Amino acid sequence: MGFKRDQLIAVLMLLPSILLIALFVYGFIGNTVYVSMTDWGKDAALALDPVKNFVGLKNYADLFTGFLDGRFRQDLVNAVFYSFFLVAGSLAFGLFLAVLLDRNPKGERFFQTVFLYPLSLSFIVSGTIWRWLLAPDGGLNVLPVFIGLPKLEFQWLSSLETTLTFNWQYLPRLLVIMISLVVLVISLFILGKGSRKTGAGVGILGFLLLAIGIFGKDLLPTILFMEEIHGLNMATIGIIIAAVWQYSGYTMALFLAGLRGIPRDLVKAARLDGASEWQYYRRIAIPMLKPITLSAVIILSHISLKIFDLIFAMTGPDNVEAGHPSLLMYLTTFRANQFAKGASIAVVLFILAAIFIVPYIVSSYQGRKAAEL
Amino acid sequence: MKTQISPGRLILYSLLILMVIVYLIPVYMTIITALKFPEDINLLTSWDFPDRINWGSFSQAYDKLGPNLTNSIILTITATILSTLLGSLNGYVFSKWKFRGSETIFTLFLFGMFIPYQIILIPLFQVLRALNIYGGLPGLILAHVVYGIPITSLIFRNFYAQIPTGLIKSAQLDGAGFFRIYCRIVFPLSAPGFVVASIWQFTQIWNEFLWGICLTRHTSNPITVGLAQLAGGQAVNWNMPMAGSIMAGLPVVLVYIFLGKYFIRGLLEGAIKE
């Protein structure tokens, strides 16, 4: 009796959760992928068993190259900028705060509490507050007046300005150029490790791609029949500031845990060798934070896809300039009842997230396996 | 003894105080705006402390948000209890009753924590409608319990890993089974795990917005949806949304201030791999 039976009970106790996850996570993802390849959303879209015809990848083709879906493309560009600035800003501020607190100031608990409390708030609460702070004629814009400067005129959330623009027609070329740069960096890295032949080979490949990207006007397709300009919309800046304000405390907590985890012996040895504070952080501490930085980048990129709530609270869902695919998915699906197209936007979002998440989860799985052996 | 303050320390403290001001400015603005009368709110004096205090903002905001607050309280408490209990059981199996493939299953669970929820929204909407629980709190509770499984299982699995396996083995030798070990040994040691997991779930569920707006009808809207609607109107008197923000934010901030170290533990749990 005994062990075998108990092991069976254990599996049975887990079974409901396994089934729920299998259905609600994996089954639903599969269903959304399927829906994205249909035309659900015409008549009686809200019927419990609506008419769906299989249309293949048509919805995706529309999103990326269709005449009517320019808003999706700008939202996608916005998403890249939102993610990039949220990650970069939170890492920079978080590291700065962590280094300050690592100096063991008096009242450290107090400071830590102050820097972290925004994290506990809902994006809706912080968004409401920041919307007021960024009101065109008040809030932050009048702050310079207190030190005798003219007040700012920047329209934080309703600016129509755009910088860093590019033409969507040439997206394939831009992507090739970006990939070529990555390849070139990899080749330098390989060269640095000492394997000349491979490095040079990869380098040549990189230059080839770069040349195709720059000169291959006719080699690569133009994916839109008309010029369409996208770029960094200035209306997103205020939202990014609010997001960084809210999430830099999180990276601070991660980095501080990392800095505190550095063995005391190492810190002492560095001191004995006469390393200055600056050298200590530059040469020893910060390089040791690499794994934590990687975790932070992944978690923050994932959070940046949830910026839905913050944008909703700060500009409402209908502000085109500050849009994000997650909002567009909501509008397309639940306002316009175009379920299939909404599903295809969701799949694009999902793929963006999976690029970061899957390697992270696989490596944590391997880490656990290794720890057990 | 007199402590000497070096220039380095002076810079350190000035930077820290500067950052404290930056982080607290929104709080200051929220409080003073909430305490103003609508006619006293104008953009040029928005930073000034009010000359006369208007406590009425809070009762006005409560008139609008009261039902939402009730919904959020019911939702958060129910879903938190259910999902931490489920997580505790799962964590117990994942850490003390490992079987072939249990690590793979655990990894597949974790993936569910990281998906953007738009990807499951349409089928979720359809399934809740088919089950006839769309629009009300039960559907929302179901969603929070199901999608809370990954994080709560993770927290409890890591927590139970600290309980020596020898303890379990010797109980087994004494003839204790799966449930007896859980009730007599594991569960009584679980208090810190429950604190970390329920604080995490409490803040997540209280703050959630996407499902709230997509899956509930007006009468079942949680506080976040109520606040977004209160603040989203065109000609808003800003004292009301600010008072509403305080109502929606205070519960989680209080939890954070008084139970901060557990909150941070939950936070790090999700990020730092063992």
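As a basis for the values below, the full set of heavy atoms in this structure was taken, side chains included, without hydrogen atoms, waters or symmetry mates. Chain A is the first sequence line, chain B the second, and so forth, proteins listed ahead of strands; every chain is numbered from 1. Everything quoted here is computed from the prediction, not taken from an experiment.
Formation of a donor-acceptor pair under 3.5 Å by the B:Gln118 side chain with backbone atoms of A:Leu349 is not found in this model. B:Trp97 contributes no side-chain N or O that, together with a main-chain N or O of A:Val11, makes up a donor-acceptor pair within less than 3.5 Å. The closest donor-acceptor contact from the side chain of B:Asn90 to the backbone of A:Ser17 lies at 3.5 Å or more, if one exists at all. Checked by atom type and distance alone, the side chain of B:Tyr256 pairs as donor or acceptor with a backbone atom of A:Thr113 at under 3.5 Å. Looking at A:Thr128, its side chain never comes within 3.5 Å of a backbone N or O of B:Ser245 through a donor-acceptor pair. Side-chain atoms of A:Arg131 come within 3.5 Å of backbone atoms of B:Ala231 as a donor-acceptor pair (strictly under, hydrogens ignored). Using modelled atom types, one side-chain atom of B:Tyr13 and one backbone atom of A:Lys106 make a donor-acceptor pair closer than 3.5 Å.
In this structure, A:Phe115 has its ring center closer than 6.0 angstrom to the ring center of B:Tyr23. Aromatic pair B:Phe209/A:Phe312: centroids less than 6.0 angstrom apart.
The aromatic rings of B:Phe111 and A:Tyr26 lie parallel to each other, their planes meeting at an angle below 30°, with 60° marking the opposite boundary.
With a 4.5 angstrom heavy-atom cutoff, A:Ile357 touches chain B only via side-chain atoms.
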Practice task
Start with the C-alpha distance between A:Leu14 and B:Phe99, add both sets of side-chain angles, then the distance that settles side-chain contact (heavy atoms from CB on, under 4.5 Å), and finish with yes or no.
Solution key: CA-CA 11 Å; A:Leu14 195 59; B:Phe99 52 92; 3.9 Å; yes

